[in-house]
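The chain is numbered in sequence order, starting from 1. For the numbers below, each heavy atom of this structure counts, side chains included, while hydrogens, waters and symmetry mates do not.
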Amino acid sequence: MDASYKKKKLIVLAIAALILMVYFVPLGWHGLLEPDEGRYSEIPREMVETGDFVTPRLNYVKYFEKPVLLYWMNAASFMAFGENEFAARFPTALSGVLGALITALLCASVFGKRAGAIAGAVTALSLLYFAIGTITLTDMPLSLFLTAALSAFYYGHIKNDRRWFLAFYASVALGLLAKGLVAIVLPGGIIFWYIIFTKKWRLILDALYLPGIALFFIIAFPWFYMVSRENPDFLYFFFVREHFLRYATKIHSRYEPFWFFIPMIPLGLMPWTGFFFSLFSRESVLRSPADKNTKDANIYLLSWFTVIFVFFSLSSSKLIPYIVPCFPPLAILIASDIDRMIERGKWHGKALIFAIVSGGLFSAALIVYTFVGGRVDPYEALPVALAISAGLLIGPLLALFMTRKGDRTSYEKAVTALCLSALVYIAAHYGIYDMMGHSRSTKGISEVIMKEKLRDETIAVYGEILQGIPFYTKQRVMLIDSMGELEFGAGKPEGKGWFPTAEEFLPEWKSKDREFVLVIEKERLHGLFEDGKTYETKKIEHDDYIILFNRRP
């Protein structure tokens, strides 16, 4: 092993260590963001409290919108690290890091070790992948298991070793437990189109691997059986309402046009957007594959990206995190293309020019927004915007300067500079998280409640569901004129009395027969107290909210 190889290996390990630090160290620095982080933290907290790990509950009523795996992961994290923000986000961050590692390994097996190292960095240090990987959501565990499944399948295929299909089927089963039927539909569609375009019909029989299918059922079946046995209405709600009706109708009011996800790809890939556009160059790995194996790999990766992208674009329900599983195949294509640029000692497709232009436009828009957006304090947001801009622009500018000689070594150093710059860019986003932790978290409100609340007082919220309050206060919350996603559970016996209308709640509030801590947004105050009389005995204002108490004299 020569000195040059050792040095390169140390650089890769150092960047990997920095990525781990960026993903894990700051996880507990800001409060849980509403509504998702509160929801996906409270459900496992209630599992730990009640000891029931079969039936998910949110605010102590049944909640069947998602399967159970993320809840189990977070519950295990709470038991290991305590019930806090770090523990709530750790499983998701771990999923993101493992997904990037698997992406790197698949890329290395097809395009070489250097391309693999770059693919891991591109995946982990892309904006959308990082953002979804550091908040507690079901989308990153799904992305992990889809990446693991599709990587294991392709590796088993090219090595002609069906034992890897065990990992494929196990990962699909875990994906089913993480997010639902998409974990079966998407890999099936990807493999189908890969077979169609490559005419590798033999792969149909190879994929029907009986030990793998048996393993799938061993992993996936027990929870669905147990939860259905304890809750006979689960199957209809979960599979019909939350899968078919959610996909085909506007039942959740999340409709967006077909093109909604198109701009999310270049934005989500930042700071690697320039290299995404360079894939369309005639000199790219995508348009000029070196051999048939590379061409087949390109077809598989494009099928992987396209099936997921089109599937969610056709859905009537769209949220930005849905397309996170699109990013690993794009990262492999980008990394293999960067590897070709290093090998040839030439940037093609104006990759750096695109990176500088797109980064400059984004930076300008971000800095302008800090002053005219109206939602942030410019003096607090400007340093964050400048740090993000520096991470976007310094890397491409340095790379442009460093590769004037055109030799391979200078290109390797330039890519290292790009990775380090991407680290700065990604790390700077924790400044945004910090600001959101004040404006989109109930941690501050919950701390006020727990400081002032008497033991027998009931916490109530009017007009909305503040998911983090039950987590931070460790208590059930009454929801007035607001069932939302809890409508199913609210109709069960355990929901009785905890979801009153305003007309049902006001007599209790005024009579003081039952003492409450009422949390209400300032703008909603007149909606509950139409006559302007609030009848409180104590009032505390906290940002956009008012906390009212109706204590007896």
Are Phe64 and Phe238 close enough that their ring centres sit under 6.0 Å apart?
-> no
Of Phe90, Phe130, Tyr430, the one forming a ring-ring contact (aromatic ring centres under 6.0 Å, His included) with Tyr23 is Phe130
For residues Phe153 and Phe168, establish whether the separation of their ring centroids is below 6.0 Å.
-> yes
In terms of heavy-atom contacts, Ala183 and Val172 come closest through O-CG1, 3.4 Å
Ionic contact status for Lys66 with Asp139, cut-off 4.0 Å | no
Within 45° of the six-membered ring axis of Phe529 and under 6.0 Å from that ring's centre, is NZ or CZ of Lys533 located there?
-> no
Could you please spell out the steps behind the salt bridge (charged side-chain N to carboxylate O under 4.0 Å, His left out) verdict for Lys538 and Glu452?
-> CA-CA 10 Å; Lys538 186 174 183 177; Glu452 300 289 337; 2.5 Å; yes
Starting from the C-alpha separation in whole Å, work towards a yes-or-no answer on salt bridge (charged side-chain N to carboxylate O under 4.0 Å, His left out) for Asp481 and Arg524.
-> CA-CA 11 Å; Asp481 271 356; Arg524 300 178 189 265; over 6 Å; no
Parallel, tilted or perpendicular for Tyr433 and His30, by the 30°/60° rule?
-> parallel
Is there side-chain contact between Leu186 and Phe312, with at least one heavy-atom pair below 4.5 Å?
-> yes
Is there side-chain contact between Val54 and Glu230, with heavy atoms separated by less than 4.5 Å?
-> yes
Qualifying residue for salt bridge (Lys or Arg N to Asp or Glu O under 4.0 Å) with Arg39, from Glu485, Glu65, Glu46 = Glu485
Geometric cation-pi criterion, Arg514 with Trp498: 6.0 Å, 45° | yes
Do Phe261 and Phe311 make the cut of ring centroids closer than 6.0 angstrom?
-> no
Do Thr537 and Asn550 meet the criterion of a side-chain donor-acceptor pair at a distance under 3.5 Å?
-> no
Would Trp223 and Phe234 satisfy ring-ring contact (aromatic ring centres under 6.0 Å, His included), going step by step from the backbone distance to the final call?
-> CA-CA 12 Å; Trp223 177 73; Phe234 166 81; 5.5 Å; yes
Hey, are the side chains of Met270 and Ser358 touching, using non-hydrogen atoms and a 4.5 Å cut-off?
-> yes
Using the six-membered ring wherever Trp is involved, compare the ring planes of Tyr425 and Phe362 and label them parallel, tilted or perpendicular (cut-offs 30° and 60°).
-> perpendicular
Salt-bridge criterion met for Glu49 and Lys474 (N-O under 4.0 Å) | no
Do Arg57 and Glu42 sit within salt-bridge range, that is, some charged N less than 4.0 Å from a carboxylate O?
-> no
